[in-house]
Amino acid sequence: MLFAQRYDSPLGEMLLACDEAGLVGVWFEGQRYFPDRGAFQFVSHPILTQTVKWLDDYFKGLKPAYLPPLHLRGSDFQLEVWSLLCEIPYGEQISYSELGRKIAAQRGLSSMSAQAVGGAVGRNPISILIPCHRVVGANGSLTGYAGGLERKEWLLAWENN
């Protein structure tokens with residue numbers, strides 16, 4: 001069973017979802033890849049309570065040093081990319097091509113497509129907590145964000161204050 005609740009962020013309403021094992025999604029209302037609400041039961045759950053606390057701390061300007069339990073579902077490649085996203089420090093950024101080089105190194109390959117990495121980053125189901133907003137173009141440009149570039153720009157500015 002999937003449990004959900006709404007969260008009012010400074011960037012608009014969000015949908016938080018979990019199952020018994022962990023957090024499965026944090027989406028901005030109407031973002032790309034937004035799930036069907038019919039799949040969720042809107043009730044209180046301890047994992048959602050932890051997620052609200054994390055988001056409240058984040059939006060107060062704190063740097064949460066913990067994550068609620070996560071239950072990520074995706075391909076092996078997506079899980080590998082999302083794991084690397086979790087390693088990007090607060091307030092820092094990394095390029096898609098740099099992420100590609102890290103994955104290539106982990107896999108013993110000479111290179112990895114930045115476009116493939118971008119596809120996995122874009123499918124990250126847990127916005128903000130898994131900081132896909134910290135991934136930028138090779139020249140530092142703001143490219144791609146399922147929640148919208150204006151939100152990505154806001155999040156990066158928020159973390160750099």
Does [X] use its side chain to pair, donor to acceptor, with the backbone of [Y] at less than 3.5 Å?
| X | Y | value |
| --- | --- | --- |
| N124 | I130 | yes |
| W158 | F59 | no |
| W82 | R73 | no |

In terms of the angle between their ring planes, are W27 and F40 parallel, tilted or perpendicular, with boundaries placed at 30° and 60°? tilted
Show your working on side chain to side chain contact (heavy atoms under 4.5 Å, CB included) between F3 and E20 and close with a plain yes or no. CA-CA 8 Å; F3 308 100; E20 290 297 339; 3.3 Å; yes
CA sep, side-chain torsions, deciding dist, call: I128, F28, side chain to side chain contact (heavy atoms under 4.5 Å, CB included): CA-CA 10 Å; I128 305 176; F28 286 104; 3.8 Å; yes
Counting heavy atoms not belonging to N160, are there more than 12 under 6.0 Å from its CG? yes
Side chain to side chain contact (heavy atoms under 4.5 Å, CB included) assessment of K152 paired with L156: CA-CA 6 Å; K152 181 174 188 166; L156 292 174; 4.2 Å; yes
Sorted by chain and number, sequence neighbours left out, side chain to side chain donor-acceptor pair (under 3.5 Å) with S113 holds for Q115
Who are the side chain to side chain donor-acceptor pair (under 3.5 Å) partners of E29, not counting sequence neighbours? R37
Here the pair of heavy atoms bringing F77 nearest to A116 is CE2-O, 3.4 Å
Give me the one residue out of T51, V52, D57 that meets side chain to side chain contact (heavy atoms under 4.5 Å, CB included) with L55. T51
